[in-house]
Amino acid sequence: MLIVDLAPLLCGALLAVTGAAKLLGRRTAQVAANTVLVRVLGDGHRAVAALRAVGAAETAVAAALLAEPTATWPGAATAVLGAGFTGYLAYARVTAPESSCGCSARDEGPIGVRSFLRAALVLAGGVLSTVAGTAWWARAAGEPGWSALTAAVAAGAVAALSTDLDRVWLPWRRLRLRLFGTPLPGARGMAPVEASVELLERSLAWQASAPIVRSALLDHWDDDGWRVLRFAGVYEGGRRARPVSVLFALDRTATVDSTPHPAVRVSVVDDRTEKPVPVDLLELSGLREPLPLV
Amino acid sequence: MTNRQDPSARGLDRRRFLTTAALGGATIVGASALGGLDPDAAFAAPTPSLDPAIARSAFAEGRITAIKGSVLEVAGSYGDHHLIQLTNATSVWKLRTTTAEAINVGDGLYARGVDMPDGTIAADAVWVNIVNLLCTVRGIAKDRLHLAHGGAGHAVVGRIVPQTTTASYLGGALTSDLTRVRIGQSAQVLGAWRPEDDTIDIARITVGH
């Protein structure tokens, strides 16, 4: 079969690239620091050495695969590498799921399905390589068209499994959005509650009632054009502190864009007696004395 | 007392009562109520701390290990333990303003409250699974955004929740219009982490900030 005979070439090329990146890459130390190897081996320097050693092994196996495609042992060595990667990923996934796999030395994403598929690909490639009967150069010379197609498909599969190539897809995604428009939902009628809260929190009313309000937004509802926002608070005026509800009522269509300085109705209701508590917010907060009315 | 205990008819009655209170004898605080027409003048006066509760506040964070009645047992990230007492007056945020029923064991939590003599923290406000990430938008689908977070570009899936997800563009007001989010934009994403599938429900996405 064509794929069997080309397996040494494809695996060799893949391992040569990933191995060289680990062995010679300038960022290997940085990558190693995020892998589970650091914890297993005790310190970062050993993790870097281990990652470079794996890179050297990959490069050596790649050279053997490319030079001796019909021999059994380079394929077996590849399969062992693939099995080792799978085991390492499984171990890292179980013990430190947030760690990076360090697989291709540029890829620093956490271990996911794609990492496992890549390792499985190496394992499968190794197994296929052990039964290769014809040297890949002879086979490729015999069937150049089919060989090129197989190589292209394999390269595509590896690329799809590589998070390194995400940026390649970006222009395509952008183009798709430009052609077909964004799939995201557009504006719905009213201002969202978060917009009312944002408006409130930038308002003078919020500053003035800051000494009373303790909780974040507790409840909200719309009533007759008003949006009522309820917060819990503690009012310490009078004889003793008492739990209160602080109610803010705003125009429900107002946002910081349409109404930068909103008028907000503020009232404080005693939670036990359910009676409004007269509170002079401006004096309480010390913001400013209101001007006398004439 | 609150809709936490009686989400049905009584909750609505109470809302109606509170609406009357809110609109009846309310103080109207706006620029004109201060007498001055320039609200900046008000800020020129010495202002108190925006959150006076801060000085007396206790703060706790961690993962919820058990829920016993209205007490949450929380294992902190630094090996500490907290008991968080929820009350009628505790606000609960989990993607949106919600009630204590929405809290599950395994959720992450930030709580602000007051230290009680028995060692618990009586919570004023609780934020469940809240995350705030600076991301780059890498892909847009109908119900989710693909995001890359941090220098290494960790892939994060941000779910768009109908009726809840809002966006802010160029420092403008929050809006339910998400159509102006573009691929390649840098975005601040505030949302709720979902422990079950390690994605994020987006509460608010801020772009062009």
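Residue numbers begin at 1 in each chain, while the letters A, B, ... track the order of the sequences.
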Inset, instruction - Would you check if A/Leu218 and B/Thr97 make a side-chain contact, meaning some heavy-atom pair closer than 4.5 Å? - result: no

Inset, instruction - Taking all non-hydrogen atoms of both residues into account, name the closest pair between B/Ala89 and A/Ser215 and its distance. - result: O-CB, 3.6 Å

Inset, instruction - Over all heavy atoms of both residues, which pair between A/Arg174 and B/Ile183 is shortest? Give the atoms and the distance, please. - result: NE-O, 3.4 Å

Legend entry - Option in B/Gly184, B/Gly172, B/Ala203 with maximal non-hydrogen atom pairs under 4.5 Å from chain A: B/Gly172

Legend entry - Note, B/Asp124 side chain near A/Val234 side chain (heavy atom, < 4.5 Å): no

Inset, instruction - Taking the side chain as every heavy atom from C-beta outward, state whether A/Val269 and B/Leu18 have any atom pair closer than 4.5 Å. - result: yes

Legend entry - Contact leader toward chain B among A/Ala232, A/Ser258, A/Ala195, where contacts are heavy-atom pairs under 4.5 Å: A/Ala195

Legend entry - Interatomic distance, A/Asp219 atom CG to B/Thr99 atom OG1 [nearest 0.5 angstrom]: 10.0 Å

Inset, instruction - Give, as side chain, backbone, both or neither, the part of B/Leu178 having an atom under 4.5 angstrom from any heavy atom of chain A. - result: both

Legend entry - Atom of B/Ala141, atom of A/Pro183 and distance for their closest heavy-atom approach: C-CG, 3.6 Å

Inset, instruction - Determine the minimum heavy-atom distance between A/Arg176 and B/Ile140, stating which atoms define it. - result: NH2-O, 3.6 Å

Legend entry - Atom group of A/Asp223 that falls short of 4.5 Å from chain B, counting heavy atoms: side chain

Legend entry - Straight-line distance of A/Leu184 CG to B/Leu145 CG, nearest 0.5 Å: 6.0 Å

Legend entry - Heavy-atom proximity to chain B below 4.5 Å, by part of A/Pro185: both

Inset, instruction - Measure the OG-CD distance between B/Ser168 and A/Glu198 for me, rounded to the nearest 0.5 Å. - result: 6.0 Å

Inset, instruction - Pick one of side chain, backbone, both or neither for A/Ser196, based on which atoms fall under 4.5 Å of a heavy atom in chain B. - result: neither

Legend entry - Side-chain heavy atoms of B/Val114 within contact of A/Arg214, under 4.5 Å: yes

Inset, instruction - Considering non-hydrogen atoms only, spot the tightest contact between B/Arg14 and A/Arg230 and give its length. - result: NH2-NH1, 4.4 Å

Inset, instruction - Using a strict cut-off of less than 4.0 Å between a Lys/Arg side-chain nitrogen and an Asp/Glu carboxylate oxygen, indicate whether B/Arg96 and A/Glu194 qualify as a salt bridge. - result: no

Legend entry - Atom group of A/Leu217 that falls short of 4.5 Å from chain B, counting heavy atoms: both

Legend entry - Sub-4.5 Å side-chain heavy-atom contact between B/Arg15 and A/Val228: no

Which pairs would a plain distance check flag for residues 129-137 of chain B, meaning a side-chain donor or acceptor within less than 3.5 Å of a matching protein atom at least two apart in sequence or in another chain?
| from | atom 1 | to | atom 2 | distance (Å) |
| --- | --- | --- | --- | --- |
| B/Asn129 | OD1 | B/Gly108 | N | 2.6 |
| B/Asn129 | ND2 | B/Asp107 | OD1 | 3.0 |
| B/Asn129 | ND2 | B/Trp193 | O | 3.2 |
| B/Asn132 | OD1 | B/Gln188 | NE2 | 2.9 |

Legend entry - Heavy-atom proximity to chain A below 4.5 Å, by part of B/Thr19: both

Inset, instruction - Decide yes or no for B/Thr166 and A/Pro192: does some side-chain heavy atom of the first lie under 4.5 Å from some side-chain heavy atom of the second? - result: yes

Legend entry - Atom OH of B/Tyr169: over 12 foreign heavy atoms under 6.0 Å: yes

Inset, instruction - Quick one: list whatever passes salt bridge (charged side-chain N to carboxylate O under 4.0 Å, His left out) with B/Arg180, sequence neighbours left out. - result: B/Asp177

Legend entry - Per-residue contact mode, A/Ala249 against chain B (heavy atom under 4.5 angstrom): side chain

